Amino acid sequence: MSFSSTVKNELCRIESAGKCCQFSELAAALCFNGMASVVANSEPVIRITTENAAFARKIYSSIKKLCDISPEVTIRKSRKLKKHVSYMLFITPTLGSSKLLKYTGVTYVPTAEEQPMELVVADKNRFKHQCCRKAFLRGAFLAGGSISDPEKTYHLELTSRTPEQAQELSRILGTFKLKARIIKRKGSYVTYLKEGENIVDFLNIIGAHTALMELENVRILKGMRNTVNRIVNCETANLEKTVNASMRQVENIRYIAEKIGFDKLPDNLRDIAEIRLEYNDNNLVELGQLLSPPLGKSGVNHRLRKLDEIAEKHREQADKSRFIQ
Ligand SMILES: [Zn+2]
């Protein structure tokens, strides 16, 4: 199951405590999943469409409980994709479409010539209470929201059909200190949030606490994996450096042994040269401990550099004399 479905299933089981909030959630369902058709100045026919069966049931029972209206239900299966099912709820004038709009504070633009018409929240001050704003966002997520699998990326979006709706969502998110952005995509407007922290806040606001815990666990695991990777990368880099340095030193020491002779070296350099040859894999600290008396890291480094220099100088001289000959 997708993470979106997990969140939505959890949200469908939530029942807002206050009536005010239940109406707000229903208002969101109407705005984001609903349309109104009006024939010749009569009262509107309202259609609510969703592909989520649990949400369809939730809307149906809310309308019944809050407005005492039993919508007509139609289920449409796509002919091409058999699994693709749409649930449609119709509220005709006879059933009480005007009452539904009045109770939820939702309206349509009466002058609009296009049919069917968009539904919008009639009174912008309707969401004075924080509880109602939360419920509206929950409804908006159920109606047109989706969230990425947190294992992959952090992305949450709410789809609207008009720029005004998208801006209204962005404004409400702003009242919870969430900065949303809006993009246009294939004729719809998407209000979206990025970053794990914002998405955690959003899930908290809409009351998806189980999904929130799941997301937090993924975030913690991801964070831990990143730290481990960073340490491993850092250690790998250090190891590579140590190995390369050791190879260069051993090569130079062998050169000295062959072309100059260890007996020409001062005692302190000969000691470190012999130990370096014997202990290829040891780092500088470990090499220093093998000397008597033991020597610190920088002392060992200094002597090995001296050996490098001796070998380099000898090679240069050899090159020159060959050139002269
Ligand atoms: Zn409320």
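As the structure lists them, so they are numbered: ligands from 1, and atoms in each ligand from 1. Everything numeric in this text was worked out from a predicted model, so none of it was measured.
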Aromatic ring pairing F23/Y103, orientation class (parallel under 30°, perpendicular over 60°, tilted between) | perpendicular
May I ask you to check if any N/O/S atom from H129 comes under 2.8 Å of the Zn ion (ligand 1)?
-> no
Are any of the side-chain heavy atoms of T175 and R133 separated by less than 4.5 Å?
-> yes
Tell me whether the guanidinium CZ or amine NZ of K8 lies under 6.0 angstrom from the six-membered ring centre of F141 and within 45° of its axis.
-> yes
Have a look at the Zn ion (ligand 1) and estimate, to 10 degrees, the angle subtended by SG (C131) and SG (C132).
-> 110°
Kindly determine whether K313 and E316 satisfy salt bridge (charged side-chain N to carboxylate O under 4.0 Å, His left out), including the steps that lead there.
-> CA-CA 5 Å; K313 227 178 225 161; E316 262 176 48; over 6 Å; no
At the Zn ion (ligand 1), what's the angle from C21 SG to C20 SG, rounded to 10 degrees?
-> 110°
